Amino acid sequence: MQFKRAGFLTKIVVLVLLIYMAITLLDLRGRIQAVQAERDALARQVTSQLLENRKLEDAIENSDDPEMLEQVARDRGYVEENETLFIDIAN
């Protein structure tokens, strides 16, 4: 059994399909890299949010601790009675 050689038109069609597949693969590779970068950014956000949640859980557990209450008051700008607050406005 002998095979007939591929004609010129068949070769052109195969070449066009190969070029199309190569371009599509390169496009998909770029999309994959973009999605992986987005995934990494989201993973960093998850890690920072978990750390923030742990801090908040610790604050809730120690909400009756006098040192914690004083720290919260300092963070909100409260001062003790007869205490002078100096604010650096040089920057």
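Bear in mind the structure is a predicted one, so any value in this text is a computation, not a measurement.
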Nearest 0.5 angstrom please: T24 OG1 to R29 CZ, how far? 14.5 Å
Decide whether M21 and V13 are clustered together by the hydrophobic rule: side chain heavy atoms of Ile, Leu, Val, Met, Phe, Trp, Tyr closer than 4.5 Å, transitively. no
Looking at E83 and R74, is there a salt bridge between them, counting it only when a charged N and a carboxylate O are closer than 4.0 Å? yes
Interatomic distance, CD@Q45 vs CG@D40, rounded to 0.5 Å, equals 11.5 Å
Is there a donor in the side chain of Q71 and an acceptor in the side chain of D75, or the other way round, less than 3.5 Å apart? yes
Between Q49 and N53, do the side chains contain a donor N or O and an acceptor N or O under 3.5 Å apart? yes
Determine whether E57 and E52 make a side-chain contact, defined as any pair of heavy atoms from C-beta on separated by less than 4.5 Å. no
Carboxylate-amine/guanidinium contact R54 D58, below 4.0 Å: no
Just wondering, more than 12 heavy atoms not from E38 lying within 6.0 Å of its CD? no
CZ/R44 to CZ/R39 distance, rounded to the nearest 0.5 angstrom? 10.5 Å
If hydrophobic clusters are built by linking Ile, Leu, Val, Met, Phe, Trp and Tyr wherever their side-chain heavy atoms come under 4.5 Å apart, do L28 and Y20 end up in the same one? no
Could you give the distance from CG (L25) to CD1 (I32), rounded to the nearest 0.5 Å? 9.0 Å
